[in-house]
Amino acid sequence: LQGSIELKKVWSGTGGQTTLNIGTSANGHQIAQQQTGADGAGPLTTGPNAVNTGDYYVSESGGLADYDADLSCVSGNKTDTDGVVSVADGENWVCTYTNTRKQGTIELKKAWSGTPGTTTIKIGTAVASGNVASVDINGAGGTTGENKVDTGTYYVSETAVSDYTTGLVCTVDGSEVTPVNGVAVQVVSGKKTVCTYTNTRKQGTIQ
């Protein structure tokens with residue numbers, strides 16, 4: 001008496017890489033094992049595997065720390081979500097792991113103290129980069145607005161503002177954090193990271 005079982009992968013958002021397993025024991029791969037391609041590329045399935053009737057375990061391993069996981073198994077009008085599939089004679093089970101990239105938001109604001117000036121505020125995935133957001137500021141405060149991004153490290157910066165002292169304050173969901181090396185901040189899943197550059201006009205006296 002036989003049926004079949006197949007394990008597929010779907011990425012939601014930025015794709016990653018993991019290994020799909022079908023086994024006769026929890027987290028095992030006695031039936032099939034398939035590493036998916038890098039950055040969400042194929043192969044994205046173990047393909048159908050003919051098996052004797054009985055219980056089989058599906059799992060995935062590695063590379064998923066930044067993802068939320070959802071599992072759905074279907075055969076005809078039967079469904080399963082716990083990772084243990086009971087294959088009956090003639091049943092063809094297809095299980096699918098959907099992994100969704102964890103995200104948060106990041107925003108960079110500008111404030112002037114004293115006479116305002118001009119600059120460009122930037123958020124990027126590398127130092128001084130503006131590949132996430134870049135906004136020109138001219139004579140008033142401003143903001144990049146909230147930017148929904150994958151969790152991880154991001155870098156805030158502004159172009160040179162001569163004749164001003166610079167202060168940078170960052171918060172995650174309202175709690176103050178210290179930027180690493182004065183520029184790097186973490187975006188945490190489901191949370192808002194907000195940084196504010198305050199530039200104060202240098203002054204002296206004349207008599």
Just by distance, with hydrogens left out, do Ser4 and Asn92 show a side-chain donor and acceptor under 3.5 Å apart?
yes
Examine the side chains of Thr153 and Gln186 and answer whether a donor and an acceptor come within less than 3.5 Å of each other.
yes
If you look only at pairs with a residue in residues 16-33, which of them pass as a salt bridge (charged side-chain N to carboxylate O under 4.0 Å, His left out), with sequence neighbours excluded?
none
Could you name each residue pair satisfying salt bridge (charged side-chain N to carboxylate O under 4.0 Å, His left out) that touches residues 76-95, not counting sequence neighbours?
Lys78-Glu91
Between Lys192 and Glu107, does at least one N-O distance fall below 4.0 Å, as a salt bridge requires?
no
[Y] backbone acceptor or donor facing [X] side chain under 3.5 Å:
{"X": "Asn147", "Y": "Ile106", "result": "yes"}
{"X": "Thr119", "Y": "Thr159", "result": "yes"}
{"X": "Asn49", "Y": "Ile5", "result": "yes"}

Can you tell me if Asp55 has over 12 outside heavy atoms packed within less than 6.0 Å of its CG?
yes
Report yes if the side chains of Trp11 and Thr36 come closer than 4.5 Å at any heavy-atom pair, otherwise no.
yes
Report the distance from atom OG1 of Thr96 to atom CG of Leu7, rounding to the nearest 0.5 Å.
7.5 Å
Report the residues that fulfil ring pair (Phe, Tyr, Trp, His ring centres under 6.0 Å) with Tyr97, sequence neighbours left out, ordered by chain and then residue number.
none
Residues two or more places apart in sequence or in another chain: which of them pass ring pair (Phe, Tyr, Trp, His ring centres under 6.0 Å) with Tyr155?
none
Sequence neighbours left out, what pairs pass disulfide bond (SG atoms under 2.5 Å apart) with at least one residue falling in residues 131-161?
none
Which residue pairs pass the side-chain hydrogen bond (donor to acceptor under 3.5 Å, both in side chains) test when at least one of the two sits in residues 123-137, sequence neighbours left out?
Thr120-Asp136, Thr125-Asn131, Ser129-Asn131
